[in-house]
Amino acid sequence: MAATDDRRPKYQRIADSLREAIRSGEYGPGDRLPGENELMAEYGVARMTARQALGVLRDEGIAEARKGAGVFVRSFRPIRRRGIQRLAPELWGNGRSIWSADIESRALEVDQVAVSEETAPAYVSAALDLTADELVCVRRRRFVLDDKPVQVATSYLPLSLVAGSAITQADTGPGGTYARLAELGLEPAHFREEIRSRMPSPDEVAQLGISPGTPVILIRRTTFTEQGRPVEVNEMALDAGSYVLEYDFGAS
């Protein structure tokens, strides 16, 4: 095993050493990691090799660069996204945000909201049982927690169902979109989420403030009424380094 490790590129071995130092507690959240000059001197490598080693940790979401200050261990506390509890009617039905199941007392801000009327992509029209030319209300948001962007989301709702309601406004009011759907007689009763991951798009890199090599978690949620009518498709891109996905359910 040692021989195999020795054949790895030097930058990978340096990254492994730094990663282990972080895991062991030698460097804690918010601590500055050795800079390029320090790594060059300690390991006898070129600047590019030292830069690549630090880049590995940034791409993994373990470290973050601060302009003019260096590279630091990420101090952001992960969000525990409670995939089942967060959608309970006890939250949005009582005027609370579904995020309250995830963030406890931490400060959440929706710093970008755009609402428009558009023709839905074909796969969204199919999921919502719409014809190809039917319009949808599109809600695009960016969520910022503790001053860090953590998620961008785009919701699609049939315009024929929500036109004239608060869902078409930037601020949907207490309980959010699901509370407003309930007021329209379209109370959410069933959800289906599909989860996958990939590397971020250039727009997601910019929106989330992440490195191009940091994965994003993609969640597509479809919302149904008690009668099985689909009323929303919500596509979310999450900074994978900011989340733990938690699902708590019975064996039945």
Side-chain angles (χ1 to χ4, degrees), residues 19-20 22-25 27-31 57-64 72-113 139-155 172 174-179 181 188-201 204-205 207-211 213-224 232-252:
R19 191 186 302 107
E20 182 55 36
I22 294 170
R23 288 175 178 167
S24 69
Y27 298 105
D31 286 350
L57 300 183
R58 290 198 305 272
D59 289 346
E60 291 177 354
I62 296 173
E64 59 185 357
F72 294 77
V73 180
R74 283 187 68 169
S75 58
F76 186 78
R77 181 158 49 105
I79 304 163
R80 300 196 72 85
R81 184 183 188 274
R82 295 175 169 88
I84 295 175
Q85 295 92 325
R86 70 196 313 270
L87 296 174
E90 288 78 10
L91 289 180
W92 50 263
N94 288 307
R96 296 170 61 193
S97 165
I98 63 175
W99 277 81
S100 61
D102 305 336
I103 63 174
E104 299 171 342
S105 61
R106 300 166 70 182
L108 175 73
E109 178 187 4
V110 184
D111 75 333
Q112 296 178 12
V113 182
R139 299 182 52 83
R140 295 182 173 89
R141 294 93 67 209
R142 184 173 78 163
F143 299 88
V144 177
L145 186 64
D146 298 341
D147 298 320
K148 183 193 181 304
V150 294
Q151 181 187 138
V152 289
T154 302
S155 294
T172 55
T177 295
Y178 295 153
L181 283 170
H190 176 71
F191 303 92
R192 181 176 65 234
E193 289 192 343
E194 302 171 355
I195 302 174
R196 61 190 179 95
S197 63
R198 58 163 167 74
M199 291 297 107
S201 68
E204 290 162 347
V205 167
Q207 287 277 79
L208 294 172
I210 57 178
S211 301
T214 301
V216 290
I217 300 169
L218 303 176
I219 300 178
R220 181 183 298 166
R221 180 169 66 238
T222 307
T223 304
F224 301 87
E232 180 208 34
V233 171
N234 187 358
E235 295 188 311
M236 297 156 272
L238 290 61
D239 170 9
S242 296
Y243 277 87
V244 172
L245 304 185
E246 179 180 300
Y247 295 89
D248 184 3
F249 48 86
S252 60

Take atom CG of D147 as the centre, draw a 6.0 Å sphere, and report whether it contains more than 12 heavy atoms from other residues, nucleotides or ligands.
no

Could you tell me which residues satisfy salt bridge (charged side-chain N to carboxylate O under 4.0 Å, His left out) with [X], sequence neighbours excluded, listed by chain and number?
X	answer
R198	E204
E109	none
R221	E193

Reported [atom1]-to-[atom2] distance for the pair [X] and [Y], which is rounded to 0.5 angstrom:
X	Y	atom1	atom2	result
Q112	R141	CD	CZ	12.0 Å
I62	L57	CD1	CG	5.5 Å
E194	E235	CD	CD	9.5 Å
W99	R81	CH2	CZ	8.5 Å
R74	K148	CZ	NZ	4.5 Å
D239	I210	CG	CD1	5.0 Å

Compare all side-chain heavy atoms of [X] with those of [Y] and state whether any distance is below 4.5 angstrom.
X	Y	answer
V152	R140	no
P188	L181	yes
L208	P200	no

Considering non-hydrogen atoms only, spot the tightest contact between [X] and [Y] and give its length.
X	Y	result
P174	A179	O-CB, 3.6 Å
F224	T222	CZ-CG2, 3.5 Å
T214	R58	OG1-O, 3.6 Å
L218	A237	CD2-CB, 3.9 Å
T172	T177	OG1-N, 3.7 Å
D111	R142	OD2-NH2, 2.5 Å

Salt bridge (Lys or Arg N to Asp or Glu O under 4.0 Å) pairs touching residues 88-103, sequence neighbours excluded, are R86-D102

With sequence neighbours excluded, what pairs up with R80 under the side chain to side chain contact (heavy atoms under 4.5 Å, CB included) test?
R82, V244, E246

Residues passing the side chain to side chain contact (heavy atoms under 4.5 Å, CB included) test with I195, sequence neighbours excluded, are I217, I219, L245, Y247

CA sep, side-chain torsions, deciding dist, call: M236, F143, side-chain contact (heavy atoms from CB on, under 4.5 Å)
CA-CA 10 Å; M236 297 156 272; F143 299 88; over 6 Å; no

Can you check whether L145's main-chain N or O pairs, donor with acceptor, with R106's side chain at less than 3.5 Å?
no

With side-chain contact (heavy atoms from CB on, under 4.5 Å) as the test, would you mind laying out the steps for R220 and V233 before giving the verdict?
CA-CA 7 Å; R220 181 183 298 166; V233 171; 4.0 Å; yes

Mind telling me whether F191 and Y178 have parallel, tilted or perpendicular rings, with 30° and 60° as the class edges?
tilted

Please say which of H190, R192, E232 ends up in a side chain to side chain donor-acceptor pair (under 3.5 Å) with T223.
E232

